[in-house]
Amino acid sequence: MESVGKSVPRKESFDKVEGRAKYTRDLRLAGMLHGKLVTSPHAHAKIRSIDAAAAAAVPGVRGIVTGADCQELTGELLADRPVLAYRKVRYYGEPVAVVIADDEQTAWRAAGLVHVEYEVLPVVSSPSRALLPGAPLLHEEVEKYKRYGDVYPVPGMNIGNHLKIRKGDFQSGWEAGVVKVECYTAFRPSDHIAMEPRAARAEILPDGEVHIRASTQAPYVIKRFMERYFGLDPGQVVVHVPFVGGGFGAKGAVQLEFIAYCASRAVGGRLVEVSNSREEDMISSPCHIGLEAQIKMAATPDGRLTAAQITLLWDGGAYADMAAVMAKAGIDDCTGPYRIPNVWADSLAVYTNHTYATSFRGFAHPEVTFAIERTMDLLAKKLGMDPIALRLLNAIGPGETTPTQVLLDESNIGNVPACILRLRELMDWESGQRVVLPNGRIRTKGIAALWKTSSTPTDAGAGAVLIFNKSGSVNLMTGVVEIGQGTKTALAQIAAERLTIDPSLVHVSFEVNTKTNPEHWKTVASSSTMMAGRAILEAADDAIRQLKYNAALVLQVSPDELELAEGRVFVRGNPQRGFLFREIAMGYESENGLTVGKQVIGRGSYIVKLTRLDPETGDGRPGPQWSVAAQGVEVEFDPVECRYQVLRAYTVIDGGVIVNHRGAVTQMMGGMSMGLSWATRESFLYDNQERVLNPQLRFYKITHFGENPDMVVDFVQTPYHEGPYGARGIGEYGTIGMAGALANALSVAAGVELFQLPLLPETIWRARGGGSVHDPV
Amino acid sequence: MIPFDFDYYRPDSVGQAVELYARLRAEGRNPIYFSGGTEIITFGRLGQLVTDAVLDIKSIPELGALGRSGDHLVFGAGLTLNAVAESGLFPLLGDVARHTADHTTRNKITLGGNLCASIPYRETVLPFLLTDSYAVVAGRQGNAWVSMHELRLAPGELLVQIWTEQSAARWPSVTIKKTKQDEVDYPLVRLALVHDGRGVRAAFSGVCEAPFRSWDMEDALNTPGVPLETRIAEALRRLPGQVIDDQLGSADYRYYLLHHSLREGMSALEGGGR
Amino acid sequence: MKEFTGRRYGVRLHVNHETHTLHVRAADTLLHVLRDQLGLTGTKAGCENGDCGSCTVLVNGTPLNACLTLAVEAHEQPVTTVEGLRGSEIQKSFVEHWAFQCGFCTPGFICNAQGLIDYVRAEHRHADDELIKEWLQSNLCRCTSYHEIHAAVKSVLDDGEEC
């Protein structure tokens with residue numbers, strides 16, 4: 001292949017390094033108003049009254065919106081969330097009002113003058129406590145909320161969604177097992193920390209057309225939701241998305257867009273910007289989910305898995321929103337990439353008084369993989385088996401079925417054993433998992449195997465339009481958002497490959513405008529290259545048909561006799577008889593000016609073929625294919641202070657055929673870095689009233705420059721027959737196994753089993769008995 | 001985004017600064033000295049600090065002093081932490097300064113700002129406590145010499161310089177910083193030790209609510225004829241207050257790290273130090 | 001008596017070799033003025049708390065967080081933003097080494113790296129990995145693994161040493 005597989009540099013490269021790339025807040029508009037949020041200082045409280053008189057009296061304030069002004073309830077599957085808190089706040093930092101003023105400074109000052117009286121309520125601090133009898137209810141009548149799709153809230157409980165897997169016969173599988181382990185893992189919510197905080201602008205034109213400009217991964221969902229919640233005709237909603245400064249799932253949620261719309265509605269449709277400060281982005285806008293997972297596994301004495309019982313209690317925070325979907329995504333692949341014939345699983349999106357959650361890179365998989373991979377290591381230890389051997393023995397593959405009973409074949413799943421074997425080789429596993437150095441430090445290795453399918457809605461799809469320029473180059477329009485993942489360059493490569501032209505001749509539209517770019521479900525789920533790539537191939541084929549039609553008219557041959565190479569259409573077997581694209585892309589103009597044929601416009605679309613899951617057994621097709629990977633980590637541990645250094649991190653991924661090699665390598669490295677950052681240091685800290693103590697990057701640390709390990713990335717490329725040129729999807733996978741691999745390595749190093757994240761030195765020190773009467777040294 | 005407004009002054013001399021401060025106070029204003037301004041800007045944005053008059057003092061020549069004067073080293077309070085570190089004049093101070101905040105922020109944070117900060121760490125005070133340094137403090141009555149052990153600024157007083165004996169700045173020293181996980185972070189424990197030729201001096205930050213030097217602990221550490229481990233244990237019994245227990249780390253872990261750091265630091269120092 | 005409130009200050013900033021006379025609030029940060037008055041939106045607001053480095057610019061050649069600097073402090077000072085580094089070696093090197101993904105932290109990294117390059121060359125110092133780390137630890141990136149950025153910066157520094 002000429003373009004696919006090459007390391008074509010990002011097309012937007014120089015715009016980004018020269019500071020020209022425009023993000024949502026970079027477009028300055030005269031007359032734009034600024035909205036500033038007033039947020040809750042309590043995690044759970046009744047709103048007794050809101051007195052905004054003093055704020056309204058500040059010169060330059062143009063409006064104040066509270067929950068009473070926008071009572072529409074929103075939510076991905078379950079509409080439980082008001083645009084602004086109404087009568088009750090359910091998390092610390094929840095938006096209660098928005099003050100709209102001429103400039104940011106006035107809005108900020110006035111926001112400080114909005115007086116809200118609260119009656120503080122008891123808090124729910126974790127999923128397991130939320131389920132205790134007598135726990136305060138966040139939503140008194142959860143059954144009355146409107147539902148959009150398959151969602152199963154439990155009345156009288158803090159449960160926004162309850163999903164089940166019942167595969168095989170768990171009881172007999174459990175009894176057939178001889179060696180059994182049980183593993184409880186837990187971690188609290190954390191945050192995405194995209195470097196660009198979320199921001200949205202809205203304007204309602206006199207004719208009713210609504211323009212929204214936002215830092216979002218989901219422009220078309222915004223359009224749909226404006227219909228769903230506000231009754232607008234989607235044709236009247238135009239969403240503009242410029243460059244987005246990192247998404248990681250955070251920007252798949254729709255929140256500020258609704259607030260900005262309600263704010264604009266309150267000031268006669270004027271353009272209003274609502275943008276998060278870093279603090280608001282961390283605590284007021286949705287965060288990375290927490291989880292408590294209980295896993296039981298049984299195996300034969302030689303290590304064959306016979307059954308698993310899996311209970312996932314998601315800390316979805318105050319509202320079900322995407323947590324309800326993540327509960328599903330987490331259970332879809334809940335066994336990890338292993339052959340387990342008998343599975344009994346429950347996945348609950350639990351309400352707590354934390355910031356509500358949304359998708360995070362890996363969409364429930366980094367979280368579940370941590371739990372599963374810890375369990376696998378416990379099992380290996382109990383069996384006396386090598387952790388790699390145990391995983392190889394149980395690796396799932398063609399001919400077997402997933403937890404939701406999808407039959408796997410040579411195409412719809414990557415090669416798990418090949419990834420594990422390659423990892424074993426790269427990590428020099430045979431040289432030993434644990435080495436004590438002369439200085440007393442301990443070097444260990446840990447691994448994780450993983451898989452993931454897309455878990456998208458059943459109607460997720462993509463579209464593409466190819467417009468030819470007179471020069472023979474093409475403009476490529478999709479609805480994919482450029483969030484840093486480089487998809488647009490990969491898509492240009494796919495178009496170039498099919499059109500037999502150089503990728504530099506494919507001009508991609510970076511800004512998404514939902515009025516002119518064809519719909520793309522969301523830029524999430526490692527699916528954009530696969531879905532939009534398929535749409536592009538169809539669009540390219542459509543364009544090729546038209547090019548051949550134009551050429552055939554002039555050459556007086558049948559289009560079937562024509563073929564393409566190097567940007568030309570010519571007669572098969574007679575390459576001299578033909579035309580460059582530029583001679584026929586707008587029709588062919590003969591010497592006397594008569595033009596035959598017509599402008600070439602290629603169009604294509606793609607839709608995934610999925611099914612809903614059975615509510616009792618979980619049977620169904622949650623995604624089109626499974627990319628798989630094996631990851632590893634090497635650490636050096638200081639047993640005295642329990643500090644450690646991650647020396648190297650490894651990923652071997654089967655993401656199908658790789659479209660842009662360097663792009664894929666750097667995306668995996670970035671994903672690994674994010675997974676390690678989460679596993680080594682990231683978590684919200686709460687006081688006993690569930691108020692977040694560290695809503696700032698000074699106290700909520702992410703990995704800094706120089707704290708990163710060496711990284712090794714390699715690929716197994718099992719083609720996915722439905723994917724464009726065999727591509728699957730890779731965007732999230734680097735993140736997924738890092739926590740599990742790290743915890744496995746550190747458990748070996750520390751000599752104690754570690755079940756909590758983040759893996760802070762103090763956490764390990766405590767696990768080793770530090771803080772008790774006898775110091776561990 | 002600082003939502004409130006303030007007046008901005010840039011006095012040219014120490015005298016002008018203290019006079020202006022006094023005048024603004026007399027007018028019922030709420031002035032504040034501003035050198036790096038990092039706390040004022042960040043706390044101002046968060047509404048945790050309000051002022052209506054900022055006196056930017058960093059261009060006053062005395063506050064930019066850096067060098068030797070007789071037997072002493074002179075550090076202007078307006079020097080950035082990076083300038084202090086890069087001068088190489090006082091290696092222990094440089095070491096401490098170089099691991100406070102991050103490099104870019106250290107181009108803004110000043111020595112005086114760190115010494116007078118409202119955050120409880122103020123790590124750069126440790127080397128000055130250990131060397132019995134003196135501060136030059138300006139007030140309406142002129143300049144006064146104040147021992148660093150007694151540095152408490154009254155409203156309107158301005159920290160101008162710190163003077164350290166050159167010989168003391170060359171004492172063998174060790175400093176150790178332990179953080180929660182990250183390299184750029186506030187300390188769980190910051191320990192600074194010097195050997196003055198007669199014995200060890202020790203100062204700490206991150207351990208108790210304020211940075212301190214403890215003569216009691218030093219006595220314990222210097223007890224002749226007692227094994228190191230026993231001396232450290234005794235020193236720890238003499239900690240002047242409760243060990244901090246907060247989101248960075250528990251009191252238990254801090255205490256543990258302190259114990260270990262003392263062991264590490266004392267061994268290094270008694271084995272020769274810097 | 002007519003009273004005017006909200007006092008503004010005249011400042012002169014020399015930004016990317018152009019002199020601008022502006023009226024600013026004393027409380028306006030340099031970040032705010034660069035972006036909103038001069039339209040230099042390459043300088044990004046990532047935290048406005050001095051924690052992320054996205055707003056790093058060079059003031060008098062020294063990297064500073066524009067969010068922690070008042071515009072009045074930069075009066076009569078030369079300021080360089082990412083837009084002023086167009087065509088620089090470091091920008092090209094970032095492209096060659098895939099040292100960015102979403103691009104939001106990139107201007108801050110590039111300004112800081114340029115500050116380091118200028119410092120190393122002026123002082124004739126060898127930039128070892130420790131020095132690079134000390135400087136660049138001030139900037140956060142959430143997309144890359146930092147290796148890519150290290151390689152980009154190292155490559156320019158090494159080229160400089162060969163000259």
Side-chain angles (χ1 to χ4, degrees), chain A residues 7 9-10 12-23 25-28 104-105 192-197 243-248 275 277-279 482-486 649 662-663 665-674 676-677 696-698 702-711, chain C residues 25 27-28 32 35-36 39-52 54 81-88 90-96 98-110 129-130 132-150:
Chain A
S7 297
R10 293 167 173 277
E12 77 282 20
S13 288
F14 281 93
D15 287 334
K16 285 185 172 170
V17 298
E18 292 178 358
R20 268 193 316 278
K22 297 289 182 210
Y23 301 78
R25 297 194 69 198
D26 292 345
L27 200 73
R28 286 189 57 236
E104 233 181 320
Q105 180 207 350
H192 308 77
I193 316 285
M195 291 318 298
E196 178 203 25
F243 283 110
V244 171
F248 316 114
S275 56
S277 66
R278 173 56 64 190
E279 291 83 358
E482 179 55 52
I483 55 176
Q485 82 286 39
R662 189 72 189 142
V665 170
T666 51
Q667 192 175 38
M668 296 316 296
M669 288 165 68
M672 292 156 76
S673 185
M674 184 167 225
L676 285 171
S677 184
Q696 287 189 316
L697 295 173
R698 193 167 302 177
I702 65 171
T703 301
H704 281 64
F705 186 102
E707 294 170 338
N708 42 307
D710 289 337
M711 288 188 176
Chain C
R25 297 164 57 225
D28 280 337
H32 183 74
R35 287 180 55 84
D36 293 351
L40 294 169
T41 55
T43 307
K44 304 296 186 207
C47 71
E48 296 193 64
N49 203 53
D51 299 327
C52 78
S54 299
T81 70
V82 70
E83 290 91 344
L85 296 174
R86 191 164 176 195
S88 59
I90 188 67
Q91 289 177 333
K92 285 178 203 149
S93 188
F94 263 62
V95 173
E96 280 161 22
W98 295 67
F100 56 91
Q101 291 181 29
C102 85
F104 196 82
C105 72
T106 312
F109 261 108
I110 284 178
D129 285 352
E130 268 311 299
I132 296 173
K133 178 169 141 180
E134 183 187 351
W135 279 60
L136 295 190
Q137 245 180 3
S138 309
N139 297 67
L140 295 177
C141 172
R142 193 59 157 166
C143 295
T144 72
S145 75
Y146 295 115
H147 279 291
E148 307 84 329
I149 297 172
H150 179 265

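Lettering of chains follows the sequences in order, A, B, ..., and the numbering in each one begins at 1. Note that the structure is predicted; figures quoted are calculated from it, not measured.
Judged purely by atom type and a 3.5 angstrom limit, A:R278 has no side-chain atom pairing as donor or acceptor with the backbone of C:E48.
In this structure, SG on C:C143 lies 9.0 Å from CE on A:M195, to the nearest 0.5 angstrom. Here C:F100 contributes atom CZ and A:T666 contributes atom OG1; the two are 9.5 Å apart, rounded to the nearest 0.5 Å. Between A:E104 atom CD and C:D36 atom CG the span is 7.0 Å, to the nearest 0.5 Å.
Per-residue counts of heavy-atom pairs under 4.5 Å with chain C were compared for A:Q667, A:R10, A:M711; the largest is that of A:R10. Annotation: maximal heavy-atom pairing with chain C below 4.5 Å, among A:S277, A:G247, A:P709, A:G671, occurs at A:P709.
Minimum heavy-atom separation, A:K16 to C:Q101: NZ-O, 2.7 Å. Considering all non-hydrogen atoms of both residues, C:R142 and A:I193 come closest at CG-O, 3.1 Å.
Other residues, nucleotides and ligands contribute more than 12 heavy atoms inside 6.0 Å of the CZ atom of A:R28.
Note on ring orientation: taking the six-membered ring where Trp is involved, the planes of C:Y146 and A:F705 are perpendicular (angle over 60°, cut-offs 30° and 60°).
In this structure, chain A has a heavy atom under 4.5 Å from the side chain of C:T106, while its backbone stays farther away. Heavy atoms closer than 4.5 Å to chain A are found in the side chain of C:I110, but not in its backbone. Both the backbone and the side chain of A:D710 have a heavy atom closer than 4.5 Å to some heavy atom of chain C. For A:R20, the part lying under 4.5 angstrom from a heavy atom of chain C is the side chain only.
Annotation: side chain of C:L140 is in contact with side chain of A:H704 (closest heavy-atom distance under 4.5 Å).
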